[in-house]
2 protein chains.
Amino acid sequence: MAATLRDVAQRARVSTSTVSRVLNNISTNIPISDETRQRVLQAAHEVGYKPNMAARQLARQQSFDLICVIVPHASPSVLTHPFYMSVVQGIARTCQQQGYAVTLYFADTNTPDSQTRERDYGRILDIPANGIILTTTFRDEQYVPRLLADNIPFVHIGHLSGDSPPATHFVDVDNFLGGRLATEHLLQKGHQDIATITGDLTMPAGQDRLEGYQAAMQQAGLPVHPGWIVPGTFDPDSGYAGMQQLLALSPRPTAVFAASDAMAIGAMQAIQEAGLTIPTDIALVGFDDLPQAAHTTPPLTTVQQPTARLGEIAAELLLAQVTAVPAPPHIILQPHLIIRDST
Amino acid sequence: MAATLRDVAQRARVSTSTVSRVLNNISTNIPISDETRQRVLQAAHEVGYKPNMAARQLARQQSFDLICVIVPHASPSVLTHPFYMSVVQGIARTCQQQGYAVTLYFADTNTPDSQTRERDYGRILDIPANGIILTTTFRDEQYVPRLLADNIPFVHIGHLSGDSPPATHFVDVDNFLGGRLATEHLLQKGHQDIATITGDLTMPAGQDRLEGYQAAMQQAGLPVHPGWIVPGTFDPDSGYAGMQQLLALSPRPTAVFAASDAMAIGAMQAIQEAGLTIPTDIALVGFDDLPQAAHTTPPLTTVQQPTARLGEIAAELLLAQVTAVPAPPHIILQPHLIIRDST
DNA sequence: TATCATATAGCAATCGCTTGCAGTGTAGCG
DNA sequence: CGCTACACTGCAAGCGATTGCTATATGATA
């Protein structure tokens with residue numbers, strides 16, 4: 001229903017060529033009289049002309065390659081965003097280098113009813129993208145089969161839970177290893193009574209980090225007091241609450257592994273409010289290496305995820321798929337420990 | 001040079017229609033023999049076929065509307081990102097609601113030579129966007145005149161320095177007011193010896209916040225000791241360094257207004273390392289209300305910018321422009337003070 | 001007055017893909 | 001054996017904008 005060049009041309013009583021030339025300002029060296037120009041501009045404005053980008057691209061022989069990144073549009077948990085920003089930046093850098101533009105689609109994760117999902121999925125398909133990157137913590141089991149069926153290239157950052165023979169291309173970090181590294185570091189510091197505040201256990205990342213913790217404890221031959229595993233949600237508030245719960249315990253654990261920096265920061269607050277000091281009274285390890293982790297008091301020991309690299313690799317895998325270049329179906333990145341003063 | 005449908009068709013010895021139908025899988029209910037399907041798939045793979053999205057969009061009569069957001073690709077200052085993330089989210093929400101997709105272009109701000117700029121500008125124009133949003137702290141005086149000349153709809157978040165009769169559409173927050181609010185709050189708390197760590201003074205935001213501080217001091221009839229204005233860069237390290245500089249002063253200021261939360265956090269570190277406490281020894285106000293500001297010890301009093309709103313309004317102004325709907329050329333948003341425990 | 005340069009504007013082909021409709025071959029049915 | 005039905009495949013007309021080339025005024029010049 002949108003007005004086309006022809007509509008404008010008819011209204012201005014000129015040809016479409018003329019309209020095109022006017023609207024593109026001074027594209028060629030063909031001169032156009034001021035009077036005609038005004039008439040065209042006027043007409044274009046009157047019919048509310050908006051160029052059809054697809055047609056323009058086609059005619060101009062410009063290529064136009066887009067990668068669509070699906071990110072969660074979660075209003076509350078703002079603190080988790082540096083992760084996405086960094087991943088997106090990694091994706092964008094790689095894509096831009098190869099001449100692809102990147103579009104972000106914020107999918108509604110707050111109301112995960114199937115209707116909303118359906119709407120989001122439709123809108124995503126309306127985006128003329130060559131490929132799609134699904135970001136982590138996206139419980140999109142609903143999307144995956146359809147993308148597969150629709151034959152649309154995509155890769156997933158983070159992998160699906162029960163996806164043992166992985167049908168999809170993905171890149172992920174080894175969260176299990178991360179949890180183990182954090183715990184082993186605490187063990188090396190001589191701690192035995194090590195508690196953990198877990199992430200969202202419905203997500204593989206949360207689950208895997210917990211299992212890493214458990215594996216390290218078990219390997220050290222140490223028992224895990226049942227009260228030492230307190231569930232969190234990755235958010236600072238849950239870290240705060242979880243820590244208060246741990247502080248009430250007796251004997252009190254001497255060290256805590258928080259499955260996210262956000263929770264670690266919340267935990268710090270709780271510890272300091274209780275008049276205890278870090279790391280003397282309680283040692284603390286986080287996970288993520290958020291930018292602010294280096295600027296807490298004391299600076300936080302944490303497990304660093306190569307977030308930008310995650311994005312870069314996701315983009316590389318996807319572009320390989322899009323251009324039919326052989327590439328491994330999935331890659332798992334190793335996190336590593338950043339030792340600061342909280343342990 | 002890319003392979004087209006016709007190339008595939010010739011290779012597979014079928015018509016383009018058949019190829020199209022195969023590649024779109026099961027689009028219509030027209031059946032295709034398995035043998036043909038295989039042959040087509042094979043051929044497509046061999047010539048490395050990649051669909052031309054523009055042509056597809058055009059033929060399918062799908063509209064395809066894009067808004068391009070230019071954001072700085074600054075490797076070092078990761079801490080400033082929550083701002084952009086929030087702004088982008090505001091933009092995306094609004095755009096998506098109106099059926100526009102959003103693409104991010106990370107422009108290189110690290111090497112601001114004109115060659116890089118030129119390359120970036122060209123690439124941006126290659127993106128088939130209906131309009132462009134330039135984010136703040138972008139010193140893009142180079143872009144603006146060209147966008148104007150090329151007749152491309154755009155709005156700027158934050159305004160250009162010497163742009164008194166504003167030629168461009170923009171949305172901004174009142175940084176001057178923000179600086180004044182912060183300082184006045186400190187004055188109300190009874191402080192007289194108030195120092196400030198400024199932002200990057202080459203940016204309007206940095207300059208305006210400083211002027212707000214100065215205005216408040218002057219209005220209170222208080223002198224500003226020359227050493228009390230220490231220059232920073234918005235980054236935490238500069239806050240740390242700036243604070244050390246202030247701590248060495250005697251008499252020492254009793255309150256500090258840091259022109260960004262990031263710097264405030266750096267300053268906190270310096271204060272606590274010096275064995276002083278906040279707010280008893282030194283009161284501290286930040287600017288931005290980063291997510292982590294609520295989780296520092298003590299929680300940081302700060303000036304909140306309506307970042308998401310900034311993005312929303314930028315998008316609204318742009319879409320109005322794109323669709324030729326009348327709208328004000330620019331809007332200025334009011335920041336407000338969030339009082340926590342650091343004052 | 002004839003010729004020619006110049007300024008404007010239009011014609012029509014083209015970009016690569018989709019899709020309604022028509023065409024062909026084969027099998028099944030009476 | 002003739003005819004209908006079905007399974008496939010191809011033809012060709014668009015989709016909306018761009019642009020090289022041609023056509024028409026208009027005035028200047030010889």
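A note on names: the letters A, B, ... follow the listed sequences, proteins ahead of strands, and every chain is numbered from 1.
- Proximity of residues 51-62 of chain A to DNA chain C (heavy atom under 4.0 angstrom from any strand atom) is restricted to L58(A), A59(A), Q61(A).
- With axes fitted over five pairs at each extremity, the angle between the ends of the helix from dT1(C)-dA30(D) to dG30(C)-dC1(D) is 60° (10° resolution).
- Checked against side-chain hydrogen bond (donor to acceptor under 3.5 Å, both in side chains), T103(A) has no partners two or more places apart in sequence or in another chain.
- In this structure, R117(B) CZ and I124(B) CD1 are separated by 9.0 Å, a value rounded to the nearest 0.5 Å.
- The backbone N or O of T16(A) lies less than 3.5 Å from no partner atom in the side chain of S20(A), so there is not a single donor-acceptor pair.
- Between the side chain of E312(B) and the main chain of R93(B), no donor-acceptor pair closer than 3.5 Å is present.
- The side-chain hydrogen bond (donor to acceptor under 3.5 Å, both in side chains) check on R11(A) picks up E46(A), with sequence neighbours excluded.
- Ring pair F170(A)/H330(A) is parallel by interplanar angle, where below 30° counts as parallel and above 60° as perpendicular.
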Restricting to nitrogen or oxygen on both sides, can you table the protein-nucleotides 8-10 of chain D pairs closer than 3.5 Å?
residue : atom : partner : partner atom : Å
dT9(D)  : OP1  : S33(B)  : OG           : 3.2
dT9(D)  : OP1  : T36(B)  : OG1          : 2.2
dT9(D)  : OP2  : S33(B)  : N            : 3.3
dT9(D)  : OP2  : T36(B)  : OG1          : 3.3
dG10(D) : OP2  : S15(B)  : N            : 2.6
dG10(D) : OP2  : S15(B)  : OG           : 3.1
dG10(D) : OP2  : T18(B)  : OG1          : 2.8
dG10(D) : N7   : R21(B)  : NH2          : 3.2
dG10(D) : O6   : R21(B)  : NH2          : 2.6

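- Using a 4.0 Å heavy-atom criterion, one finds that F64(A) contacts no nucleic acid atom at all.
- The CG-C1' distance, from L23(A) to dT19(D), rounds to 15 Å in whole Å.
- T94(B) is linked by a side-chain hydrogen bond (donor to acceptor under 3.5 Å, both in side chains) to nothing, counting only residues two or more places apart in sequence or in another chain.
- Rounded to an integer number of Å, the gap from CG of L5(B) to P of dC11(D) is 14 Å.
- Pairing each heavy atom of L66(A) with each of Y100(A), the nearest pair is N-CD2, 4.2 Å.
- The backbone N or O of F106(A) sits less than 3.5 Å from a side-chain atom of Q96(B), completing a donor-acceptor pair.
- No hydrogens or angles considered: a donor-acceptor pair under 3.5 Å links the side chains of S15(B) and T18(B).
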